[in-house]
Amino acid sequence: WLKTIEQSFGSNARFAIRSSSSLEDSPGSVAAGVYESRINMPPERLPDAIRHVWASLWSERAIWNRERNRLSHNAAHMAVIVQSLLDPDYSFILHTVNPLSNRHTEVYMEIVVGLGETLAGSAQRGSPYRLIGSKKTEEVQVRRLASFSQAARPHPKHGLSYPIVDYSKIPLTYDPTAATELARRLTHIGTEIEQALQGPQDIEGMVCQDRIYIVQSRPQIVP
């Protein structure tokens with residue numbers, strides 16, 4: 001299968017190895033971030049990366065999470081997703097129901113410069129861009145500008161590097177029009193995905209120049 005991957009993507013391709021557990025992507029449980037992922041892996045590192053992500057189903061953190069939420073260990077199953085890696089301008093998380101107000105008419109957005117590991121991890125202090133878009137109108141609210149001092153980027157060999165962010169050169173910071181236009185596009189995409197999957201969604205994605213990529217969507221837990 002490694003030869004098939006190299007033939008399809010090339011020997012210089014890099015990959016993101018992500019978890020998709022039966023208890024991570026369901027409407028009734030909260031387990032995002034509990035399981036491991038491996039980012040910027042070359043083809044020769046895929047076997048070890050896949051084994052590591054699969055084994056995180058039985059990590060101490062995952063076991064504790066299931067016991068805390070009274071979930072059966074027998075119901076825990078793991079799928080491992082191998083995705084071609086991008087080096088995005090921005091990464092984002094969308095909640096198609098605003099978790100701050102519980103309004104179903106608003107999409108809540110958190111956006112960071114670079115890869116989404118800045119959002120997923122807790123190693124860095126700071127805040128993402130926080131925006132709210134109306135599903136019914138084109139109104140956009142910019143609630144907060146980003147303050148993370150570093151962005152996660154693919155390292156030239158493998159893994160991640162963390163260069164300093166110069167926010168004076170980031171359009172979302174200095175150009176209100178750029179923030180509004182991106183928020184409107186993400187609001188439309190979030191609404192379309194919510195309608196297609198017939199329920200509120202927790203969506204992850206990336207922005208690469210003018211293209212938007214959806215990495216995954218899971219049911220959003222709504223009170």
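From a predicted model like this one, the values you see are computed outputs, not experimental measurements.
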Go through the side-chain N and O atoms of [X] and [Y] and say whether any donor and acceptor fall under 3.5 Å apart.
| X | Y | answer |
| --- | --- | --- |
| Q201 | S217 | yes |
| E194 | T96 | yes |
| S147 | Y167 | no |
| N102 | N98 | no |
| H52 | R38 | yes |
| Y108 | R130 | yes |

Heavy atoms, side chains only, cut-off 4.5 Å: are [X] and [Y] in contact?
| X | Y | result |
| --- | --- | --- |
| Q141 | E106 | yes |
| I93 | M109 | no |
| L2 | P47 | yes |

NZ/NE/NH1/NH2 to OD/OE distance under 4.0 Å, [X] and [Y]:
| X | Y | result |
| --- | --- | --- |
| E110 | R144 | no |
| R211 | D89 | no |
| D48 | R45 | no |

Any sub-3.5 Å donor-acceptor pair from [X]'s side-chain atoms to [Y]'s backbone N or O?
| X | Y | answer |
| --- | --- | --- |
| N40 | H155 | yes |
| S91 | V112 | no |
| K135 | T187 | no |
| Q150 | Y162 | yes |
| S59 | A62 | yes |
| S21 | H77 | yes |
| D166 | S168 | yes |

Quick one: ring pair (Phe, Tyr, Trp, His ring centres under 6.0 Å) partners of H73, sequence neighbours excluded?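 Scan of H73 (ring pair (Phe, Tyr, Trp, His ring centres under 6.0 Å), adjacent residues dropped) gives W58.
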
If the condition is ring pair (Phe, Tyr, Trp, His ring centres under 6.0 Å), which residues does Y213 pass it with, not counting sequence neighbours?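 Counting only residues at least two positions away or on another chain, Y213 forms no ring pair (Phe, Tyr, Trp, His ring centres under 6.0 Å).
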
Establish whether [X] and [Y] are linked, either directly or via other cluster members, by ILVMFWY side-chain heavy-atom contacts under 4.5 Å.
| X | Y | answer |
| --- | --- | --- |
| Y174 | L131 | no |
| L186 | V97 | no |
| I17 | L115 | no |
| V113 | V215 | no |
| I50 | I81 | no |

Test side-chain hydrogen bond (donor to acceptor under 3.5 Å, both in side chains) on T137 and S134; report intermediate values, then the result. CA-CA 5 Å; T137 70; S134 171; 3.2 Å; yes

What pair of heavy atoms forms the shortest contact from R14 to P156, and how long is it?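 Scanning both residues completely, I find the closest heavy atoms to be NH2-O, 4.4 Å.
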
Please give me the minimum heavy-atom distance between M206 and F92, naming the atom from each residue.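 Closest approach of M206 to F92, heavy atoms only: N-CE2, 3.4 Å.
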
Under the side chain to side chain contact (heavy atoms under 4.5 Å, CB included) criterion, do S56 and M78 qualify, and how do the steps go? CA-CA 9 Å; S56 69; M78 177 67 82; 3.9 Å; yes

Going through the distances and angles, do T173 and Y129 end up as a side chain to side chain contact (heavy atoms under 4.5 Å, CB included)? CA-CA 9 Å; T173 296; Y129 297 96; 2.5 Å; yes

Hey, mind stepping through R61 and E36 against salt bridge (Lys or Arg N to Asp or Glu O under 4.0 Å) and telling me if it holds? CA-CA 10 Å; R61 179 172 57 184; E36 296 293 329; 2.8 Å; yes

Mind running side chain to side chain contact (heavy atoms under 4.5 Å, CB included) on E60 and I63 for me, showing each step along the way? CA-CA 5 Å; E60 182 177 348; I63 292 171; 5.9 Å; no

Taking it one step at a time, do F148 and V165 satisfy side chain to side chain contact (heavy atoms under 4.5 Å, CB included)? CA-CA 8 Å; F148 287 111; V165 180; over 6 Å; no

Quick one: OH on Y90 to CD1 on I111, what's the gap to the nearest 0.5 Å?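 Y90 OH to I111 CD1: 8.5 Å, rounded to 0.5 Å.
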
Nearest-0.5 Å distance, CG of residue D87 to CZ of residue R153: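 Separation between the atoms: 5.0 Å.
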
For atom NE2 of H188, is the number of surrounding heavy atoms from other residues, nucleotides or ligands below 6.0 Å larger than 12?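 Atom NE2 in H188 is not crowded, with 12 or fewer foreign heavy atoms closer than 6.0 Å.
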
Could you give me the CA-CA distance, side-chain angles and deciding distance for E204 and R18, then say whether salt bridge (Lys or Arg N to Asp or Glu O under 4.0 Å) is met? CA-CA 12 Å; E204 298 179 22; R18 302 162 61 90; 2.8 Å; yes

